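Whatever order the structure lists them in is the order used to number ligands and atoms, beginning at 1. Quick note: numbers below take in every heavy atom, side chains included, and nothing from hydrogens, waters or symmetry partners. Source: prediction; values computed, not measured.
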Amino acid sequence: MEQLCHYIDGSFLPTSDWIDVYEPATGSVYAQVARGTQTEVSRAVAAAEQAFPAWSQRPATERAAILFRIADLLEERLEAFAHAESLDQGKPLWLARTLDIPRSIANLRFFAAAALHVWSETHAAPGLLNYTLRHPLGVVGCISPWNLPLYLFTWKIAPALAFGNTVVAKPSELTPLTATRFAELCQECGLPPGVLNIVHGYGPEAGAAIVEHPSIRAISFTGSTATGEYIARTAGPRFKKLSLELGGKNPTIVFADADLDRAIPEIARAAFLNQGEICLCGSRLLVERTIADDVLLRLREHVRTYRVGDPFDEQTTIGALVSEGHYHKVLGAIEQAQRDGGTIVVGGKAVHPSGRCAKGWFVEPTIITGLEPTCAANQEEIFGPVVTVMPFASDEEAIALANNVRYGLAASVWTQHLSRAHSVAARLAAGIVWVNCWMVRDLRTPFGGTKDSGIGREGGWEAYRFFTEPQNICIKL
Ligand code: NAD
């Protein structure tokens, strides 16, 4: 059985303590991953501290050249990485091939190029000149979740490295495979030892050791709001820079003037892509009352074409949920919604495919109506293939329903009315609003949420600002 080791100071470290890694589609153990603790984190930090002076002082062109090389090699091995991601996470292979791995390559190229184009401010006044330098921070911690494993891992480490930091990273213990393969690429491409270190393991052990380590200057974290709260509480008194990308309960708002032919497939995609395991998924569908029946009918017909099953089957729309625990959590949330008075319009049950995937963790795409806005299914993140539907009568009511959750990550608005699109978008408590589209990502734009969806923004110049420390120098002329 394959054993996935820590990657510290340019080497893969043997260990005696392992965690089983499951293939979600079959429910069986296919590998083991190293279980790191404070000891491995301390070694990784020491290696990163040693590597920092040389890496940060290298010209940006040289740092970028290495990241471009890694991106090129990842592109050459795209199919193998897509296969690994699908095996490890349960998502359809076609999705890993068209979304996860291409986007990981794009992350590397985008931030490698960005490092070549950075600039800083000057503030001149009569007799005075201020200019601002932006220094790399030093050693930074990057902690990522299981839903988009390599996509979010590279989204953090690429800007951190490009702007001259060294990194101690921890992928999710549920999906450690592609990060480990990625370390092999780094070795092959000549990334100096200690510049990127990967410590595997459980969050409260390896993850907490990263958050608590006094030499780590910043934490970039993507994951649940509960873990984000712990990190804020722990890293805050240590004055670490923090970027927290947390949960969401995102509304999809459909007005009666929407182009439904365009909207329906996108609404369904927003609800169910990646088994609904995307923080940006539109898990609350708000529909103007006059078209609610029509939208529901069309959505139901569309979702009935979805196929749940083996992620390696090219015809599969929805793969397996990431873990047995998560599978039971999603099924439990559906049962709770029924107890709260909800009606299951489509789905609602576990799926047991025949053959190799008979013991996998599959759930039908599920649409639920008739729930109060305050019930658990409309308030708490389910993070599975479940969408609730609520009608509204006016713009005001739509906005009130949309904002009536503790989260504030993303929203999508479907209307052909130009001024309504602008006015509703601006009043939504969400860091990201899409109009007549969903999850269209331009890496230059600020990415992140408000309220319990986190603090800080990533992407574009926001990442540059996060991963550097500004220093103003004032000269009297
Ligand atoms: P999680 O918080 O359980 O784990 C995320 C990472 O944090 C993992 O690597 C985990 O090992 C680590 N971790 C757990 N406890 C820790 C601790 N005490 N100290 C340090 N690290 C710790 O989240 P998850 O279940 O892996 O991911 C799903 C969640 O992530 C959902 O809530 C989803 O909305 C959120 N998410 C948010 C975004 C975003 O950009 N806002 C993107 C993807 C996922």
Taking only Lys NZ, Arg NE, NH1 and NH2, and the carboxylate oxygens of Asp or Glu, determine whether Glu380 and Arg406 approach each other closer than 4.0 Å. yes
Salt bridge check: are Glu469 and Arg134 linked by an N-O gap of less than 4.0 Å? no
Note: Thr222, heavy atoms under 4.0 Å from ligand 1, region reported as both
closest protein heavy atom to atom 22 (C) of ligand 1 is Gly203 CA, 3.3 Å
Ligand 1 to Ala208, heavy atom cutoff 4.0 Å, flagged ligand atoms 19 (N), 20 (C)
Atom 40 (O) of ligand 1 has as its nearest protein heavy atom Phe447 CE2, 3.2 Å
Are any non-hydrogen side-chain atoms of Val363 and Val351 less than 4.5 angstrom apart?
no
From atom 4 (O) of ligand 1, is the closest protein heavy-atom distance below 4.0 Å?
no
protein heavy-atom neighbour closest to atom 6 (C) of ligand 1 works out as Ser144 O, 3.5 Å
Nearest non-hydrogen contact to atom 35 (C) of ligand 1 from the set Gly223, Cys279, Gly247 belongs to Gly223
Of all protein heavy atoms, the one nearest atom 27 (O) of ligand 1 is Pro145 CB, 3.4 Å
Checking heavy atoms under 4.0 Å, the part of Asn147 that sits near ligand 1 is side chain
*Check: Asn403 side chain, Ala429 main-chain N or O, donor-acceptor pair, under 3.5 Å*: yes
The answer for which part of Trp146 has a heavy atom under 4.0 Å from ligand 1 is both
Between Glu212 and Arg233, is there a side-chain N and carboxylate O pair less than 4.0 Å apart?
no
for atom 20 (C) of ligand 1, nearest protein heavy atom and its distance come out as Gly207 C, 3.2 Å
Next on the checklist: If the threshold is 4.0 Å, N to carboxylate O, is there a salt bridge linking Glu314 and Arg97?
Outcome noted: yes
Sub-4.0 Å heavy-atom approach of Ser172 to ligand 1:
yes
Against the six-membered ring of Phe466, is Lys241 placed for a cation-pi contact (under 6.0 Å from the centre, within 45° of the normal)? yes
Residue, atom and distance of the protein heavy atom nearest atom 41 (N) of ligand 1 read Leu246 O, 2.7 Å
Do Phe312 and His83 have ring centroids that are under 6.0 Å from one another?
yes
The atoms of ligand 1 lying under 4.0 Å from a heavy atom of Glu173, numbered in the order shown, are 10 (C), 11 (O)
Within 45 degrees of the axis of the six-membered ring of Trp155 and under 6.0 Å from its centre: does Arg441 put its NZ or CZ there? yes
The answer for which part of Leu148 has a heavy atom under 4.0 Å from ligand 1 is neither
Test: Lys91 and Asp100 ion pair at under 4.0 Å:
yes
for atom 12 (C) of ligand 1, nearest protein heavy atom and its distance come out as Ile143 CG2, 3.7 Å
among protein heavy atoms, the one nearest atom 34 (O) of ligand 1 is Glu381 OE2, 2.5 Å
Strictly under 4.0 Å, does any heavy atom of Pro171 approach an atom of ligand 1? yes
ask   = Taking 4.0 angstrom as the limit, do Glu335 and Lys349 come out as a salt bridge?
value = no
Note: Ser453, heavy atoms under 4.0 Å from ligand 1, region reported as neither
